[in-house]
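Reviewing the structure listed below.
Here is the naming used below: chain letters follow the sequence lines, and residue numbers restart at 1 for every chain.
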Number of protein chains: 2
Amino acid sequence: MTHNYKIEFEKFFSYSLSVDCLIFGFEEGEIKLLLIKRNMDPFKGDWAIPGDLVYPEEDLEEAASRILFDLTNIKNIELHQSQTFGKPDRHPQGRVITCAYFAMVKIDEVNAIASSWANEVKWVPIQRIPKLAFDHNEIFNSSLELLKIKLSNEPICFDLLPDKFTLNELQQLYEYAYKVNLNKANFRKKIKPIPLIEHNEKQKNVKHRPAKLFSFDEHKFERLVNQRNFRFKM
Amino acid sequence: MTHNYKIEFEKFFSYSLSVDCLIFGFEEGEIKLLLIKRNMDPFKGDWAIPGDLVYPEEDLEEAASRILFDLTNIKNIELHQSQTFGKPDRHPQGRVITCAYFAMVKIDEVNAIASSWANEVKWVPIQRIPKLAFDHNEIFNSSLELLKIKLSNEPICFDLLPDKFTLNELQQLYEYAYKVNLNKANFRKKIKPIPLIEHNEKQKNVKHRPAKLFSFDEHKFERLVNQRNFRFKM
DNA sequence: GGACTTATTGTAAATAGTAAAATAATTAAT
DNA sequence: ATTAATTATTTTACTATTTACAATAAGTCC
């Protein structure tokens, strides 16, 4: 930092900062991303990742949290910082640097949607994301890569699944994320070390043998991580 | 982006952006970080990660690249984006958001050091990083975590090692990074799939049986990745 | 040559991963 | 009620990989 801030103040303190918040969900075997339809220029009418400028007194993560809340009414969930994008010409109206965050929500718990933000929102399967506004396709791609890395090293798959889920749903999530087919019996062997709560309840309204419902045992997981040196690995 | 930029221009386009560049090297069995001693306020005299404001027409990565060059004369090496830090009060002189990058250099090829930047620079083993200026300890910690993840998934260890290295040096690098002891025989078995060029040359000036020297076979590696679906995994 | 240090190879046991078959629970038709 | 069909779940056998440990080979230094 060799610059004299007094002299160069105007030149350097003239950037703007935004945060884009990728909201992922899981439904019917597909991981989905919440997109908004922009209701103002630039890129009016285009689909985009929700985002907003960061307020002067606001931390980056706070801003992402605010965007998430405005759109979904969800509070207090983990936000994962992704990459930051700052090409000088990425925003037509000035030098706007954007920092991407992503959140993972239980899609069945999200109802309140569409606000002052955008007149339209929709969940789009991540394998069928359309052309987006700004450099949002690039932001999506790099964030998805990060999501995939975290899915294989941290138990964040359970943030996407409903509170009670079947083992098949868990498997489908990984199959969709990595575009692979997994052997069912082996998958179950592999997830054996992960502490799950087995419910007496079963799947309903299916026309075949219903599967048992499970929940992630977060407390037991924490204990395992701290006491033995257990590591989540998929 | 629901804001009217015309009206709120002054309020929002008043941030500054900096880039911090963590430069990692490997020497005598230790992974080291290049630190500078600040020669101006704030935090004058404190050790810090090298960084500078981003110029108006400059991309983030370009800025990181410039910092790296000013300090080491090294050009055209890969820069890895780490996390971005933007707490409103992180910089005493205004709202400065900083985006961290890290680079990995061959420490023996870096000589030119100390510039207009700082009157003092030094390589510090990453297990003995002192209290740093600003929030630089936080930046270092999160970047180190990312470095460790990349070390286990990409062949970037060879960016740290000299062009010709011994297998022991390679092992020491991983042992130091993850603070573990590895079995020599098994380590050599594990790295078997990685394509290395075996030189006729041997280690010199050691008072024991000299080890063979190896280089990373980048071309063969690329071919493996593309043709079969080979993955680097440590 | 002999002591010493490190490199390199070998082997057996333990662990993890894979494929396929067997069994259980449910719905729906007969 | 019996049976077929479908899917969930468990079991078994097999294969490959990882780990631990021992043995041997190849240099340096005196």
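- Comment: A:Arg90 engages A:Asp135 in a salt bridge, judged by a side-chain N to carboxylate O separation of less than 4.0 angstrom.
- Of the two residues contacting DNA chain C, namely A:Asn183 and B:Phe214, the nearest-nucleotide position lying further toward the 5' end is that of B:Phe214.
- Scanning DNA chain C 5' to 3' for nucleotides with an atom closer than 4.0 angstrom to a non-hydrogen atom of chain A gives a first and last hit of C:dT18 to C:dT27.
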Every protein N/O lying under 3.5 Å from an N/O of nucleotides 28-30 of chain D:
from: D:dT28; atom 1: O3'; to: B:Val206; atom 2: O; distance (Å): 3.4

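- No hydrogens or angles were tested; on distance alone, nothing pairs the side chain of A:Asn168 with the base of D:dA8 as donor and acceptor under 3.5 Å.
- Taking side-chain N and O atoms only, A:Lys184 has a distance below 4.0 Å to OP1 or OP2 of D:dA8.
- Taking the side chain of B:Lys189 as heavy atoms from C-beta on, and the options D:dT11, D:dT9, D:dT19, the nearest nucleotide is D:dT19.
- Comparing A:Ala211 and A:Asn186 by the nucleotide of DNA chain D whose heavy atom lies nearest to each, the residue mapping closer to the 5' end is A:Ala211.
- As a whole-Å value, the separation of B:Lys233 NZ from D:dT18 P is 11 Å.
- Under the salt bridge (Lys or Arg N to Asp or Glu O under 4.0 Å) criterion, the residue pairs touching residues 212-221 of chain B are B:Glu198-B:Lys212, with sequence neighbours excluded.
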Starting from the C-alpha separation in whole Å, work towards a yes-or-no answer on ring-ring contact (aromatic ring centres under 6.0 Å, His included) for B:Phe158 and B:Phe165.
CA-CA 9 Å; B:Phe158 305 111; B:Phe165 53 84; 5.5 Å; yes
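- Using cut-offs of 30° and 60° for the angle between ring planes, the A:Phe187 and A:Tyr174 rings count as tilted.
- Ring geometry for A:Phe134 against A:His136 counts as tilted: the plane angle lies between 30° and 60°, on a 0 to 90° scale.
- Going from atom NZ of B:Lys190 over to atom C1' of D:dA20 covers 15 Å, rounded to whole Å.
- Under the side chain to side chain contact (heavy atoms under 4.5 Å, CB included) test applied with B:Ile23, the options B:Leu68, B:Ile36, B:Ile67, B:Val121 reduce to a single match, B:Leu68.
- Between the side chain of A:Glu175 and the backbone N or O of A:Leu182, at least one donor-acceptor pair lies under 3.5 Å.
- At a threshold of 4.0 angstrom between heavy atoms, the contacts of A:Lys202 are confined to the sugar-phosphate backbone, with no base atom among them.
- As rounded to whole Å, 10 Å separates atom P of D:dT9 from atom CD1 of A:Ile191.
- For the pair B:Asp52 and B:Arg66, the salt-bridge criterion is met [side-chain N within less than 4.0 Å of a carboxylate O].
- Side chains of B:Thr98 and B:Asp20: a donor-acceptor N/O pair is present below 3.5 angstrom, by distance only.
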